[in-house]
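First up is the structure itself, then whatever we jot down about it.
Just so you know, these numbers come straight off a predicted model, no measurement behind them. Letters go in sequence order (proteins before strands), and every chain restarts at 1.
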Amino acid sequence: MSNARAFVQSESRVHHGSGPHAAMASSQSANDQTARSVQLAAVALHKRYRKGQVEIPVLRGVDFEVRGGEFVSIIGQSGSGKSTLLHLLGTLDAPDRGEVRFHGERIDDLSSAGRDQLRNQKFGMIFQFYHLLPELSALENVLAPLLIEQSTWGYLLNRRRFVQRAKQLLEMVGLSHRLNHRPRELSGGEMQRAAIARALIAKPEVLLADEPTGNLDTATGEEILRILRTLNDQQNLTIVMVTHDRAIAAQADRTVRLAEGKVAAVD
Amino acid sequence: MYKLLLCWRYLRTRYIALASIISVMLGVATMIVVNSVMTGFTREMQGRIHGILSDVVFESHSMEGFHDPERHMQQIRKVAGEYIAGMTPTVVVPAMLVLDVNGQYVTRQISFIGIDEATHDQVSDFSRYLQHPSNRDDLSFELREDGYDQLDHQAGENAIPRERMDVAGWVYRRLKARYQAEREALMAPPAGMPVIAPGEGPPGDSAAPRDTAADNVAAKGPAAEPGTSAGDDEVVGPSTGANPFAAADVEAGKVFDPATEQHTGVVLGFALAAYRLRDGSDRFLALPGDDVKITVPSSGTPPKAVSGEFTIVDFYESKMSEYDANFVFVPIRKLQQMRGMIDPSTGIGNVTSIQIKLHDDANGTKVRDLLRSAFAPQIYSVQTWRDKQGPLLAAAQLETNILNVLLFMIIAVAGFGILATFFMIVVEKTRDIGILKSLGAPSRGILGIFLAYGLSLGIVGSGVGLVLGLVFVAYINDIADALAWFTGQEVFDPTVYYFQEIPTIVEPFTVTWIVVGAMLIAVLASVLPACRAAMLHPVEALRYE
């Protein structure tokens with residue numbers, strides 16, 4: 001809980017701040033407005049993977065909606081296509097048939113530049129294996145999305161502000177004492193927290209989490225989940241989390257079950 | 001920004017990649033060294049060739065030469081006068097030189113060159129290569145008393161002293177004459193006629209049939225030499241009223257005293273009279289003051305062999321072994337007389353060539369073409385000094401080019417090393433590439449990271465190679481010495497090359513090209529792996545373990 005409390009405190013500081021933080025507040029009110037509307041939707045998604053000569057159908061017509069501010073978990077057995085669905089939602093992959101919609105607009109057929117921008121600014125992603133860049137320190141990893149978004153000149157001009165924000169986020173996830181450590185010097189839980197901070201730095205609208213606790217022990221997993229829960233509660237952040245663990249899925253507002261490439265049941 | 005940051009971090013953490021560019025580094029360094037040395041050699045050689053040959057050589061195809069050089073020179077002036085700084089007539093004939101070395105006759109094949117002392121210096125650096133300081137200022141075919149250089153004036157401080165040269169000149173000649181006279185007195189008490197030839201009777205006789213069996217020189221032999229010499233001088237006598245070579249104008253029948261008189265002076269190529277030992281010192285076969293015998297073909301059909309005695313007055317050392325071992329210079333008038341090239345009615349001699357010196361900014365090829373169109377090509381040949389030494393210069397150029405191609409191949413091979421290393425790095429970094437893509441990095445950006453990586457490796461490799469190469473060139477002689485000391489094997493053998501040091505010239509243009517080429521290769525080698533990295537599918541890259 002201490003981390004969540006820290007986050008609340010830091011966020012409250014943010015609200016009293018000015019400049020960039022005001023923008024953050026406005027985006028939050030935008031989230032409030034769209035709280036009831038459909039934010040991210042999958043319409044009849046089909047996806048097949050080719051393994052040698054054999055084509056394996058992974059998704060066979062998935063229909064799925066996430067409303068603004070929702071915390072949805074997708075559950076299913078290994079190979080049920082839940083990770084694939086998440087990748088399609090996050091435009092990391094393109095569906096064979098069907099559509100992915102963001103605020104009602106189709107995004108799966110955007111140009112690669114358009115999808116790059118979407119991933120950079122609208123979606124935050126966290127993964128089972130954290131996926132931090134081993135050559136960069138925790139702080140630099142958190143700054144990576146901003147480094148990618150900004151031109152060299154633009155980054156250098158705003159550097160102090162960006163670093164400030166990255167430090168705040170790391171403090172929020174409880175890593176303020178590990179700013180300059182490389183990923184290999186961090187524990188699994190710490191790496192995942194750094195990954196969460198990285199996912200949040202560009203102020204995304206949706207957080208896509210692929211088995212965020214899959215590689216962590218129960219206690220650490222709980223901590224991570226608590227952070228996600230708090231983000232959803234306090235900041236009204238839309239979260240889509242993939243997991244195979246019922247207990248973890250139960251922490252979400254809503255659970256979607258995938259089986260044999262289709263949505264099996266909605267709890 | 002992330003591109004630079006990641007590129008920098010990859011550079012700092014992947015030392016294996018640095019290892020892969022060591023070959024680029026060595027390639028660049030070697031190319032710089034080889035090019036500098038080759039340029040140095042070529043320049044040195046060109047300088048020497050040009051110092052000996054005049055800018056343009058106008059010559060006749062036949063050994064007879066052409067008549068009346070003055071008229072020819074006037075005509076040349078009319079055709080291309082504005083480019084010409086100076087001209088001098090010369091006679092060049094193949095000849096045979098016989099040296100008497102302690103009673104052994106040493107025979108050498110030479111180019112016997114008759115030069116006009118008054119004007120020859122205007123067209124070439126001839127006198128710069130002489131061994132007596134006064135001759136360098138003002139050439140004379142009279143033997144000097146002494147004062148010949150003991151230190152090679154061209155080699156600088158490192159030259160090994162030539163101690164034998166300190167007696168050279170009249171000092172040596174008188175000593176030798178006295179020694180000869182005393183020896184004669186001992187060997188042949190009833191000496192009727194003084195013998196001019198420095199050689200003794202018996203060895204000379206045994207050498208004669210071997211040397212010139214079919215030649216009429218042999219028929220005369222040493223015993224007939226006084227007659228030959230006197231006969232020569234008879235030809236000289238009447239036709240050269242104002243001959244400056246008083247010593248040569250010995251009246252017929254008058255006894256020639258080697259202690260006080262000299263024959264016509266000749267300047268001998270240094271390598272004809274000396275050879276170099278392994279330690280760089282010189283062993284002399286003859287010194288200024290010694291007499292030599294030279295046989296030339298006479299003018300006329302068919303040519304006959306004509307011999308004459310000459311006294312060495314100086315050595316000529318251009319450090320081009322081809323010239324030093326070949327050239328013997330003599331006053332042109334003497335050679336013309338010997339060969340019968342002088343028209344008895346007018347007293348004007350034939351010459352075989354006219355050496356032309358151009359103004360510094362004049363184009364030799366243009367003058368050559370002008371002269372070629374003005375004179376009948378059946379009789380005259382006009383060549384620039386580059387044309388004359390064309391094969392030699394072309395060979396040096398070809399050598400440089402081939403070396404450059406081979407060395408560039410080495411850098412290209414190094415390029416493939418970089419290619420392989422980069423593929424490994426891309427494979428190793430597959431997951432990172434997936435992460436960057438999931439964070440919204442465009443493919444272009446990924447491409448940029450790896451291209452920048454390749455470029456930085458190229459810069460590092462060629463930069464270090466550049467420094468290494470330049471340092472090597474700067475200390476090349478010390479390195480050669482150190483290697484020689486270490487291995488006991490002379491790296492740069494001064495008996496082969498007439499340089500005391502390895503000449504080097506660093507051409508900024510060539511160096512720039514080498515460095516740019518190496519960097520280009522490094523970038524090209526990284527293009528393929530970088531493209532592969534950019535094309536990676538993010539999901540597959542993320543899944544990669």
Review point. Is the CZ atom of B:Arg444 crowded by more than 12 outside heavy atoms at less than 6.0 Å?
Key: no
Atom group of [X] that falls short of 4.5 Å from chain A, counting heavy atoms:
X: B:Thr13; result: side chain
X: B:Leu5; result: side chain
X: B:Lys429; result: side chain

State whether the side chain of [X] and the backbone N or O of [Y] hold a donor-acceptor pair below 3.5 Å, judged by distance alone.
X: B:Ser526; Y: B:Ala522; value: yes
X: A:Asp96; Y: A:Arg48; value: yes
X: A:Arg119; Y: A:Thr91; value: yes
X: B:Arg9; Y: A:Glu135; value: yes

Of the backbone (N, CA, C, O) and the side chain (C-beta and beyond), which part of [X] lies under 4.5 Å from a heavy atom of chain B, both, or neither?
X: A:Leu132; result: backbone
X: A:Tyr49; result: side chain
X: A:Phe123; result: neither
X: A:Glu140; result: side chain
X: A:Arg198; result: side chain

Check your understanding: When heavy-atom pairs shorter than 4.5 Å are enumerated against chain B, which of A:Ser112, A:Pro145, A:Pro134 gives the highest number?
Key -> A:Pro134
Practice item. For chain B, find which of A:Leu156, A:Leu136, A:Ile148 contributes the most heavy-atom pairs closer than 4.5 angstrom. Key: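 With the most close heavy-atom pairs to chain B, the winner is A:Ile148.
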Practice item. For A:Asp210 and A:Ser83, test the side chains for any donor-to-acceptor distance below 3.5 angstrom and give the result as yes or no. Key: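 Note: A:Asp210 and A:Ser83 side chains meet the donor-acceptor criterion.
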**Study point:** Geometric class of the A:Phe129/A:His131 ring pair [parallel <30°, tilted 30-60°, perpendicular >60°]
**Key:** tilted
